[in-house]
Amino acid sequence: MNYKDLLSRTLFILSSPSKAWEQISAEGDTKSVLPNFVYPFIGLCGVSEFIGTFFGKEFIPDVFQVALTHCCAVAVALFGGFFLSSYLIDKMLQKWFGTTLSKDMVSVFVAYSMTVKFVLDILSSLLSLKLLLVILQIYTLFVAFEGTRRFLKISEDKVTLFTLVATVVILLCPSLIEFVFNKLSVTLR
C-alpha cells in the first residue's frame, strides 16, 4: 500500500468531492478499493485509537488492556460497518430505487463515502474534540451526494432521498457494531 497515494486520494475527496468522484468514475478501478483504501484506513484508525488511549494515562497493564479493547472495537466496527453498509445500500438500491449496480460499484461508493468517518475517527482518537468531530460527520452527506450523482448516476429525482438514507446507513452501521462489541466485551470480563 502506498500511503502517499492514500493521503492524496483522501485530501482530494475531502477538498473537492465532485472532481474526486468524476476521477474515480473515469478510473473504473473497483477491485483495488479494499486493499488500497479501506483496509489501510481501518488499520490507521485502530492504531490511532490504541495510541490515543495512552494520552494522559500511566502505562500500566490495565490501560494496555483498555487500549487493545478500544483498538479492536474500532477495527471491528469499521470493518463490519463497511460490509454491512455495502450490503444494506445494495439491497436498498434494488428494492427502493429499482436500480441494480454491481456489488463492486456499491463497495467503492461506500468506501469513499466513509472517508470523512475514517479521518474523523483518527482525529477523535488522538484529540479530545469528540463532540466537534461528531458534528463534522455531516460532511459525509456532501461526499455521498456527489458520489450518488457522479459515480452511481442515480436519477436526479431520487438523489436526495438516496443520499440521506445512504449517509445514515454509512454513519450508523459502524457505530452500531462498535456499541454491540463494547457491550459484549464488558459482559465477557
Beyond-backbone contact of [X] with [Y], side-chain heavy atoms, under 4.5 angstrom:
X	Y	result
Leu6	Phe37	yes
Gln23	Lys19	no
Tyr3	Leu44	yes
Phe54	Phe64	yes
Glu178	Val76	no
Cys173	Phe82	no
Asn36	Asp5	no
Met114	Leu78	yes

| query | Does the side chain of Asp29 come under 3.5 Å of the side chain of Ser32 through a donor N or O and an acceptor N or O? | reply |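 The answer is yes; a qualifying pair exists.
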| request: Taking atom types as modelled, find out whether Asp104 and Ser102 have a side-chain donor-acceptor pair closer than 3.5 angstrom. | output: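 Result is no, nothing qualifies.
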Has the side chain of [X] got a donor or acceptor atom that lies under 3.5 Å from a matching backbone atom of [Y]?
X	Y	value
Thr167	Thr163	yes
Asp90	Ser86	no
Lys153	Arg150	yes
Trp21	Ile13	no

Can you get from [X] to [Y] by hopping between Ile, Leu, Val, Met, Phe, Trp and Tyr side chains that sit under 4.5 Å apart?
X	Y	answer
Phe12	Val119	no
Leu172	Ile89	no
Ile170	Leu141	no
Leu126	Ile42	yes
Val168	Leu161	no

| task | Mark yes when over 12 heavy atoms from residues, nucleotides or ligands other than Tyr87 sit less than 6.0 Å from its OH; otherwise mark no. | result |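 No.
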Just how far is it from atom [atom1] of [X] to atom [atom2] of [Y], taken to the nearest 0.5 Å?
X	Y	atom1	atom2	result
Phe97	Lys91	CZ	NZ	15.5 Å
Arg9	Leu11	CZ	CG	12.0 Å
Cys45	Ile122	SG	CD1	4.0 Å
Lys158	Thr148	NZ	OG1	13.0 Å
Ser113	Phe145	OG	CZ	12.5 Å
Thr160	Leu164	OG1	CG	7.0 Å

For [X] and [Y], which heavy atoms make the closest approach, and how far apart are they?
X	Y	value
Pro174	Leu171	CD-O, 3.8 Å
Gly46	Cys71	O-SG, 3.3 Å
Glu49	Thr53	O-OG1, 2.7 Å
Phe118	Ala111	CE1-O, 4.0 Å

| field | Leu88: which of Leu93, Val110, Val169 passes side-chain contact (heavy atoms from CB on, under 4.5 Å) | value |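 Passing option: Val169.
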| task | Check step by step if side-chain contact (heavy atoms from CB on, under 4.5 Å) holds for Leu136 and Val116. | result | CA-CA 8 Å; Leu136 290 176; Val116 175; 5.8 Å; no
| task | Could you go through the ring pair (Phe, Tyr, Trp, His ring centres under 6.0 Å) check for Phe162 and Phe109 one step at a time? | result | CA-CA 12 Å; Phe162 175 79; Phe109 171 76; 5.8 Å; yes
| said: Working note: Thr115 + Leu14, criterion side-chain contact (heavy atoms from CB on, under 4.5 Å); need CA distance, chi angles, decisive distance, verdict. | reply: CA-CA 8 Å; Thr115 302; Leu14 294 176; 4.0 Å; yes
| said: In this structure, is the centre-to-centre distance between the rings of Phe41 and Phe79 below 6.0 Å? | reply: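 When the ring centroids of Phe79 and Phe41 are compared, they turn out to be at least 6.0 Å apart.
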| field | Steps toward salt bridge (Lys or Arg N to Asp or Glu O under 4.0 Å) verdict (Lys117, Asp121) | value | CA-CA 6 Å; Lys117 174 111 179 100; Asp121 275 5; 3.4 Å; yes
| ring pair (Phe, Tyr, Trp, His ring centres under 6.0 Å) between Phe142 and Tyr139, intermediate numbers included | CA-CA 5 Å; Phe142 182 62; Tyr139 191 67; 5.8 Å; yes
| request: Give a yes or no on whether a salt bridge exists between Glu146 and Arg149, defined as a side-chain N under 4.0 angstrom from a carboxylate O. | output: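 Yes, Glu146 and Arg149 are salt-bridged.
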